[in-house]
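Quick notes on the structure that follows.
We number each residue from 1, following the sequence as shown.
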Amino acid sequence: MHFALNVSSALVVGGAVVVLLLLSGNLKAATMLGGKKEVDVSDTNSLEIDELANFAVSEHNNRQNSLEKMNFSKVVSCHKQVVSGLMYHMVIEVEEASKPKQYEAKVWVKPGGGSKKLEEFKPKDGGLTSADLGVKSTGVPLTKVSRHSHGPPTGKQTVPTDDPVVQEAAQHALRTLQQASNSLATYELSEIVSAEAELKDESAHFDLLLKTKRGTKEEHFKSEVHRTGEGKWSVKHATPQ
């Protein structure tokens with residue numbers, strides 16, 4: 001009888017230990033879930049990270065619907081996060097319009113590693129992107145679906161004059177100038193001196209200062225150009241300065 005009692009007690013204690021170990025393992029897993037771990041991008045075995053960064057840049061280029069493409073240069077930093085699968089948070093350096101620029105990207109590798117998805121791609125300084133300015137992605141206006149985690153910046157923002165969308169806005173302003181002119185001499189765009197943009201009412205509003213040339217005469221114009229999320233352009237004014 002005492003022997004049976006001891007065996008029974010041992011089984012109960014052993015079972016309790018197993019339960020505690022399982023609970024301990026689950027708690028450990030729970031603490032790991034969602035935590036970010038730095039990845040050494042200088043490691044020679046980090047080819048997988050380069051491939052993910054290349055995927056992010058390529059996917060972003062496809063979404064931009066623009067002739068101007070950025071080229072992947074290197075991964076500046078990377079953190080790996082355990083989610084339902086793995087989330088990679090990267091700072092990527094690219095070459096854009098012959099200039100080095102840095103972007104923050106989030107790539108989700110789904111469970112099993114069979115597929116991946118670009119969750120976010122935005123300038124490291126948090127400014128407006130070409131996507132925010134109204135370039136369409138698979139038919140969806142990106143003024144509604146921003147690549148910024150907290151939405152695009154509000155109010156007027158200075159934007160790069162070499163941005164493809166800004167360049168296109170300037171060309172629309174130039175065509176409006178030409179159509180309003182009675183001269184046979186054509187306007188040529190010498191320089192986009194400055195450019196500001198603001199997202200308003202699901203469209204991008206551009207304020208441009210343009211330096212133009214018509215024959216031997218140089219002129220400056222201020223122009224307001226709008227672009228809807230569906231890609232429709234309108235020039236509100238082009239005023240001599």
Side-chain angles (χ1 to χ4, degrees), residues 60-61 63-70 94-104 121-137 139-148 150-241:
H60 177 72
N61 280 334
R63 291 176 179 181
Q64 293 307 290
N65 190 28
S66 169
L67 296 176
E68 295 288 336
K69 305 294 184 184
M70 62 175 64
V94 302
E95 184 179 290
E96 188 176 15
S98 301
K99 296 177 182 177
K101 294 184 180 180
Q102 290 188 358
Y103 285 82
E104 293 178 352
F121 200 94
K122 64 181 183 180
K124 192 172 182 297
D125 60 7
L128 289 169
T129 67
S130 291
D132 292 323
L133 297 178
V135 177
K136 293 199 293 183
S137 168
V140 181
L142 289 182
T143 46
K144 291 183 179 180
V145 187
S146 172
R147 289 290 170 259
H148 293 269
H150 302 291
T154 57
K156 283 189 179 180
Q157 304 283 322
T158 299
V159 290
T161 56
D162 58 358
D163 185 285
V165 187
V166 175
Q167 295 274 343
E168 191 173 356
Q171 290 301 324
H172 280 278
L174 204 66
R175 279 196 286 272
T176 298
L177 282 172
Q178 191 61 49
Q179 290 167 2
S181 172
N182 295 321
S183 173
L184 294 177
T186 58
Y187 281 98
E188 296 177 13
L189 180 62
S190 301
E191 180 187 359
I192 302 175
V193 180
S194 65
E196 291 184 326
E198 180 179 11
L199 299 185
K200 188 184 295 183
D201 301 326
E202 298 183 1
S203 65
H205 295 192
F206 300 88
D207 286 325
L208 308 175
L209 178 58
L210 307 176
K211 181 181 178 182
T212 67
K213 187 176 181 181
R214 184 170 53 160
T216 58
K217 185 180 179 182
E218 286 190 344
E219 298 175 86
H220 286 78
F221 289 88
K222 272 192 174 180
S223 182
E224 182 181 343
V225 185
H226 294 184
R227 188 187 199 278
T228 68
E230 287 71 31
K232 295 179 181 179
W233 290 92
S234 60
V235 179
K236 299 304 177 183
H237 70 81
T239 310
Q241 298 300 295

Smallest separation among heavy atoms of Val159 and Ala197, with atom names:
CG1-CB, 3.9 Å
Lys211: which residues meet the side-chain contact (heavy atoms from CB on, under 4.5 Å) condition with it, sequence neighbours left out?
Ser190, Glu191, Val193, Glu218, His220
Taking all non-hydrogen atoms of both residues, which atom of Ala170 and which atom of Leu189 are closest, and how far apart?
CB-CD2, 4.0 Å
CD on Gln171 to CG on Leu210, rounded to 0.5 Å:
9.5 Å
Apply side chain to side chain contact (heavy atoms under 4.5 Å, CB included) to Tyr103 and Glu96, showing your working.
CA-CA 11 Å; Tyr103 285 82; Glu96 188 176 15; 2.6 Å; yes
Working for side chain to side chain contact (heavy atoms under 4.5 Å, CB included), residues Glu196 and Gln157
CA-CA 5 Å; Glu196 291 184 326; Gln157 304 283 322; over 6 Å; no
Sorted by chain and number, sequence neighbours left out, side-chain contact (heavy atoms from CB on, under 4.5 Å) with Thr239 holds for His237, Gln241
Could you grab the distance from atom CG of Leu199 to atom CZ of Arg227, nearest 0.5 Å is fine?
12.0 Å
Out of curiosity, Lys217 NZ to Thr212 OG1, how far, rounded to the nearest 0.5 Å?
9.0 Å
Decide, yes or no, whether a salt bridge links Arg214 with Glu188 under the criterion of side-chain N to carboxylate O below 4.0 Å.
no
Please examine the side chains of Phe206 and Val165, heavy atoms only from C-beta on, and report whether any two atoms are closer than 4.5 Å.
yes
Is the closest side-chain heavy-atom distance between Met70 and Asn61 below 4.5 Å?
yes
Among residues at least two apart in sequence or on other chains, which ones pass salt bridge (Lys or Arg N to Asp or Glu O under 4.0 Å) with Arg175?
none
With rounding to the nearest 0.5 Å, note down the distance linking NZ in Lys124 to NZ in Lys101.
15.0 Å
side-chain contact (heavy atoms from CB on, under 4.5 Å) partners for Thr161, two or more places apart:
Ile192, Ala195
Can you name the residues that form a side-chain contact (heavy atoms from CB on, under 4.5 Å) with Gln178, not counting sequence neighbours?
Thr186, Tyr187
Strictly by modelled atom types, are His226 and Thr228 linked by a side-chain donor-acceptor pair under 3.5 Å?
no
Applying salt bridge (Lys or Arg N to Asp or Glu O under 4.0 Å) to Lys99 and not counting sequence neighbours gives Asp162
How would you list, by chain and number, every residue that makes a side chain to side chain donor-acceptor pair (under 3.5 Å) with Glu168, sequence neighbours excluded?
Trp233
Looking only at heavy atoms, the pair that brings Val225 and Ala169 closest together is CG2-O, 3.8 Å
Test salt bridge (Lys or Arg N to Asp or Glu O under 4.0 Å) applied to Lys200 - qualifying residues, sequence neighbours left out
Glu198
As an exercise, state the distance from OG of Ser223 to CG of Leu177, rounded to the nearest 0.5 Å.
7.0 Å
